[in-house]
Asker: 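This is the structure I have questions about; it appears just below.
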There are 2 protein chains.
Amino acid sequence: MREHNLALALREIAFAHTPVSRADIASATGLTRATASSLVDALVGAGLVVESGPTARPRGGRPATGLVLSSTGPAGIGIEVNVDYVAVCVMDLAGVVRHRRIEGGDWRDVPAPEALARAASLTADVARSARRSGLRLAGAALAVPGLVQAPYGPLQLAPNLGWQDLDVLAVLRDAPDLPAVPLTVDNEANFAALAELYAAPAEPGAPRSFLHVSGEIGIGSGIVLNGALVRGRHGWSGELGHLTVSPDGPDCTCGSRGCLEQYAGLDAILRAAGLPAPRGTSLGGVSAVERIVETAKTADPSMLAALESAGTALGVALAGALNLLDLDAVVLGGAYARLAPWILEFVEQEIGGRLLSAPWSAPQVRASLLQADAAVLGAARSVVQGVVDDPASWVARVGA
Amino acid sequence: MREHNLALALREIAFAHTPVSRADIASATGLTRATASSLVDALVGAGLVVESGPTARPRGGRPATGLVLSSTGPAGIGIEVNVDYVAVCVMDLAGVVRHRRIEGGDWRDVPAPEALARAASLTADVARSARRSGLRLAGAALAVPGLVQAPYGPLQLAPNLGWQDLDVLAVLRDAPDLPAVPLTVDNEANFAALAELYAAPAEPGAPRSFLHVSGEIGIGSGIVLNGALVRGRHGWSGELGHLTVSPDGPDCTCGSRGCLEQYAGLDAILRAAGLPAPRGTSLGGVSAVERIVETAKTADPSMLAALESAGTALGVALAGALNLLDLDAVVLGGAYARLAPWILEFVEQEIGGRLLSAPWSAPQVRASLLQADAAVLGAARSVVQGVVDDPASWVARVGA
DNA sequence: AGGCTTATGTTCAAGGCCTAAACAAACCTG
DNA sequence: CAGGTTTGTTTAGGCCTTGAACATAAGCCT
């Protein structure tokens, strides 16, 4: 009961981006001002919330004392190991990124323990900085590009890293210097979707359901239904790249035929435009996306045609997802956020034609608000959100 | 708090298919025996639960008094208006169908108010019978074959009934004699999935996620994620029939091309086998499914080929859904339950080849346990389940 | 400036519900 | 028939919410 009400009160403070008063919380939640006061006291005592000074009322009355999320309260660490970089960040309760490290390189042929050791070292580094800033670490979440049994299980397969059947969290935990915090792991696409979910704050109760396309080398996606990630039975949901676009289409590396990846993957786009596919997207050279964007900007006809057919294929796959799930929106993230100017039109056109309900209510299709680092941000956010969703256990942890 | 615990206790009684004791509830929920006792007293007082006599303990000790769901407590009415029949049933708390009426006929060219008036009349009929059996009606749910804004909204489109933009609940409510109970409406495919969900009782906490294919004339589906129906933004989820199987395939009635319905719909199967498509599936004549089953039993080569290609197309679409959602199982319901012997193999084969995660953990693919009346049962079940999920409001309703 | 109005936040008694422990009931075993 | 065991109830205690009164701190009006 207390547990539930603490979460209720904290959510009001978290969702509002301006300071709220105890009275606001009371009227928004239906609780008494007395109860709201008591809840807020507990939250302040646990270091989750701080008072931000009096705010004058418009037409008289005692000024309210504003409440905001503490910037010295619990913080979450996001860790992302990807093909051409390792990134780490620390996010505070309010969602502000307080520290970050990124290290480029080609991690494809590096043994997994080595890559994870590097990630652990960066993590230890930001953790020290965070502690110096007065933050208390609530946990860390690892984003990986592959199939993984979220939130604790082993990694099954990360094709682009060349990893397979590996208990990544155990390896990470064994690294020296790693701060002793709870660890979780999930697919980078899921975390990227989570980041998008919280990028544009909305009403507390507003249902938000969307699919976030998250393509770099493969094409993944994260599905958010009513504000919650759909992880699936094993945490393997969102494998958009291997949706069948045409059953007799070109062979795919997965063993199937006609997968979306063969039409709309970055390699496929470059191939279709008659350009050589660079190996990976290393920071040193010119990345695949850059290459495509540059060429598209010159209005190169074969590139524009390649993007049109990629957008069309993506639209076919997304129309399928929308027919199945009746979502509010589709968000193009990752590489597709950059390519949106050239593909959005075709994606929308295909969705308009193939989605049964489109004539009544067409879903929104838009590019992501975030940059390429959506996954790290989402990972860190997942930790922070865990505290916001269940403040009672944090209160207990601090008390002990 | 009380609200939550009442639901907790009732769920224990509902999920167990043998009588449970107050002590069982206490140990299963972690509450005290005293609290469990108090909760049970409230449930018994509200007529939701009855004691079923003492049950001896195996190794001594005081015998427990068994608790089961009351068969004279609240009951739900399910109403289904479909192309060739109108069906109504009353289900009690335990999930037993206590009364039912079905009326055949061809409702396609009948004006909507007339069909709904007929449904209302049948409903009033079973409601009287139910009251005579000592049941109290908690509500009624209407299943319709089309896009509808669940759970209260108007019907947008029911192509096979020829209905469009109609507030079905308002029409139904205006019918004379209709019992004054809360009304809801949803797609028949959603209700059929719900019926399947509760057909095979499982552990209370066990996550159950599956897609239930529900084809009669069109191909719909209901998606259950972690034991809850996914209704989507407007309640339009599960439109499996218009998933694109091949982007350049045959034109579909929906305006798109290459929809699953054009490959695996009953009409499509008959066409592919060289048989004329009967109009609808009227009870008087031989239905489309019957026709297909009969022909397939004679091992007619063109029919077998038609079923193979239907199964393959269905497999392609289902593999897409599974790649997106990572479900536990796919259940073939409606007409496809009957056709399972001839198509299951091809559906599984296609899923095995196209589902990225299949090598690690292949989802179950099976025929539905229920007959064609899954939708009515599911509709009635939705009402019953509403009471089980929120007993507190029923307790309040009875008290008032 | 002083009183009135308005709104916030706190204090305090009352009640609801859960917990823990003791107690009564009912059956089996030897 | 006594001892053991398990169920269900009773009772005292404590946590948390409620509702109302009260204190605080402004703006507004004369």
Asker: I want to confirm an ordering. Mapping Thr65(B) and Gly61(B) to their closest nucleotides on DNA chain D, which one lands closer to the 5' end?
Answerer: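 Between the two, 5'-proximity favours Gly61(B).
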Asker: Whole angstrom is fine here: how far is it from CZ in Arg22(B) over to C1' in dA25(C)?
Answerer: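 Rounded to whole Å, this separation is 13 Å.
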Asker: Measure from the side-chain heavy atoms of Asn5(B) and tell me the nearest of dG9(C), dC18(C), dT7(D).
Answerer: dC18(C)
Asker: Check whether any side-chain heavy atom of Pro179(B) sits under 4.5 Å from a side-chain heavy atom of Thr123(B), and report yes or no.
Answerer: yes
Asker: Could you tell me how far apart Leu8(A) (CG) and dT17(D) (C1') are, to the nearest whole angstrom?
Answerer: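 Atom-to-atom, Leu8(A) to dT17(D), this comes out as 13 Å.
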Asker: Going through the distances and angles, do Val185(A) and Tyr152(A) end up as a side chain to side chain contact (heavy atoms under 4.5 Å, CB included)?
Answerer: CA-CA 6 Å; Val185(A) 63; Tyr152(A) 304 112; 5.9 Å; no
Asker: So does Pro151(B) get a backbone contact from the side chain of Asp186(B), meaning a donor-acceptor N/O pair under 3.5 Å?
Answerer: no
Asker: Of the residues in residues 30-43 of chain B, which ones touch DNA chain C at a heavy-atom distance under 4.0 Å?
Answerer: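 By residue number: Leu31(B), Thr32(B), Ala34(B), Thr35(B).
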Asker: Rounding to a whole Å, what distance do you find between Leu6(B):CG and dC17(C):P?
Answerer: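 Interatomic distance, CG of Leu6(B) to P of dC17(C): 9 Å.
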Asker: Can you tell which of dC16(D), dA23(D), dC18(C) lies closest to the side chain of Arg62(A)?
Answerer: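 The answer is dA23(D), which lies nearest to the side chain.
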Asker: Ignoring backbone atoms, establish whether Arg2(B) has a side-chain N or O less than 4.0 Å from OP1 or OP2 of dC18(C).
Answerer: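 So the side chain of Arg2(B) is within the cut-off, an N or O lying under 4.0 Å from OP1 or OP2 of dC18(C).
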Asker: Please tabulate, one pair per line, all N/O donor-acceptor pairs under 3.5 Å involving side-chain atoms of residues 379-391 of chain A, not counting sequence neighbours.
Answerer:
{"unit_1": "Ser382(A)", "atom_1": "OG", "unit_2": "Ala379(A)", "atom_2": "O", "d": "2.6"}
{"unit_1": "Gln385(A)", "atom_1": "NE2", "unit_2": "Tyr198(A)", "atom_2": "OH", "d": "3.2"}
{"unit_1": "Gln385(A)", "atom_1": "NE2", "unit_2": "Asp389(A)", "atom_2": "OD1", "d": "3.4"}
{"unit_1": "Asp390(A)", "atom_1": "OD2", "unit_2": "Ser393(A)", "atom_2": "OG", "d": "2.9"}

Asker: Among pairs that include at least one residue of residues 32-52 of chain B, which meet side-chain hydrogen bond (donor to acceptor under 3.5 Å, both in side chains), considering only residues two or more places apart or in two chains?
Answerer: Arg2(B)-Ser38(B), Arg22(B)-Glu51(B)
Asker: Side-chain contact test, heavy atoms from C-beta onward, threshold under 4.5 Å: evaluate it for Leu178(B) versus Leu183(B) and give yes or no.
Answerer: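 Yes; the side chains approach each other to less than 4.5 Å.
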Asker: CD1 of Ile25(B) versus C1' of dC18(C): gap in Å, rounded?
Answerer: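 Result: 16 Å.
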Asker: What is the separation between atom CG on Leu67(A) and atom C1' on dG9(C), rounded to the nearest whole Å?
Answerer: 11 Å
Asker: Roughly, in whole Å, what's the span from CE in Met1(A) to C1' in dT19(C)?
Answerer: 17 Å
